[in-house]
Structure formats: C-alpha cells, structure tokens
Engineer: 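The structure is given below, and queries will be raised subsequently.
Every heavy atom of this structure was used, including side-chain atoms; hydrogens, water molecules and symmetry mates were not.
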Amino acid sequence: MKDLHWFIVFGLILATPFLPSLLKAKCSKCGKRKVQSLETVRVKAEEEPSGFTFVALYQCDHCEGLFKKIKNGPFIESSEEEQESLRAEALE
C-alpha cells in the first residue's frame with residue numbers, strides 16, 4: 001500500500017506542469033484553449049456602489065478574437081475600438 005502512495009505522489013508531480021494549459025479558458029469563437037489576458041482596467045460604473053468596476057481584456061492566439069470580462073462574468077466579444085476606448089477612459 002505504501003508503494004501505491006509513492007506512485008500517486010510521483011504522478012501528481014509529473015502532472016503539475018500541464019495544469020495551466022488544462023485550466024485556461026476556452027475561446028467562445030474557435031473553442032481552442034488559447035485565450036491570453038492582455039490587461040485589466042478600472043473604469044467608471046454608475047451602478048456600482050464604489051463608482052468603478054474592473055474590466056479584463058483578452059485575446060485568442062488562435063483566431064485573434066478580442067474579448068472582455070466584467071468582474072468575474074462571462075467572456076463578451078469585443079472590438080479593437082471598444083478595447084481602445086476602455087483603455088482611454090481607464091481610471092488611474
């Protein structure tokens with residue numbers, strides 16, 4: 001039984017480098033796990049009690065699709081112009 005524990009520990013150590021690729025988000029356009037985070041900006045939000053919210057900007061390396069994610073919400077398709085305007089109106 002002790003030998004089995006060592007095999008499990010060794011297997012987990014070998015699997016660790018592959019975890020980031022398995023935990024990456026899937027692109028909603030092409031379905032590949034190639035979505036890269038570009039940056040996170042803080043923008044004004046009137047519906048928030050604090051007056052601002054965070055918007056994360058993403059791009060798929062496979063299909064070049066642009067996405068945004070408000071707080072921890074779902075991926076929303078975005079455009080280059082929309083991402084530039086979010087960067088321009090970002091709070092410091």
Engineer: Within the distance-only criterion (no hydrogens, no angle test), does the side chain of Glu77 pair as donor or acceptor with the backbone N or O of Gly65 below 3.5 angstrom?
Structural biologist: no

Engineer: So which heavy atom on Lys29 is nearest to which on Cys63, and how close?
Structural biologist: CB-SG, 4.0 Å

Engineer: Determine whether Glu39 and Val41 satisfy the following criterion, side chain to side chain contact (heavy atoms under 4.5 Å, CB included), listing intermediate values before the conclusion.
Structural biologist: CA-CA 7 Å; Glu39 65 181 300; Val41 293; 3.7 Å; yes

Engineer: State the OG-CZ distance between Ser28 and Phe67, to the nearest 0.5 angstrom.
Structural biologist: 4.0 Å

Engineer: Of all the heavy-atom pairs spanning Thr40 and Ala56, show the shortest one and how long it is.
Structural biologist: OG1-CB, 3.9 Å

Engineer: Any salt bridge between Glu89 and Lys44, counting N to O under 4.0 Å?
Structural biologist: no

Engineer: Would you call Phe75 and Val35 a side-chain contact if the rule is heavy atoms closer than 4.5 Å?
Structural biologist: yes

Engineer: Work out which heavy atom in Ser78 is nearest to a heavy atom in Lys68; give both atom names and the distance.
Structural biologist: CB-N, 4.2 Å

Engineer: Exactly one of Lys32, Lys34, Arg33 should register a side chain to side chain contact (heavy atoms under 4.5 Å, CB included) with Asp61. Which one does?
Structural biologist: Lys34

Engineer: Do Arg87 and Leu57 have side-chain heavy atoms sitting under 4.5 Å apart?
Structural biologist: yes

Engineer: Can you give me the closest heavy-atom contact between Leu66 and Ser79, atom names plus distance?
Structural biologist: CD1-C, 3.8 Å

Engineer: Tell me, with the steps shown, if Lys69 and Val55 meet side chain to side chain contact (heavy atoms under 4.5 Å, CB included).
Structural biologist: CA-CA 6 Å; Lys69 186 187 271 192; Val55 178; over 6 Å; no

Engineer: Following the transitive rule for hydrophobic clusters with a side-chain heavy-atom cut-off under 4.5 Å over Ile, Leu, Val, Met, Phe, Trp and Tyr, establish whether Leu4 and Leu12 coincide in one cluster.
Structural biologist: yes

Engineer: Going only through I, L, V, M, F, W and Y residues with side-chain contacts under 4.5 Å, is there a path from Tyr58 to Ile70?
Structural biologist: no

Engineer: Test side chain to side chain contact (heavy atoms under 4.5 Å, CB included) on Lys71 and Thr53; report intermediate values, then the result.
Structural biologist: CA-CA 7 Å; Lys71 288 188 178 178; Thr53 189; 3.5 Å; yes

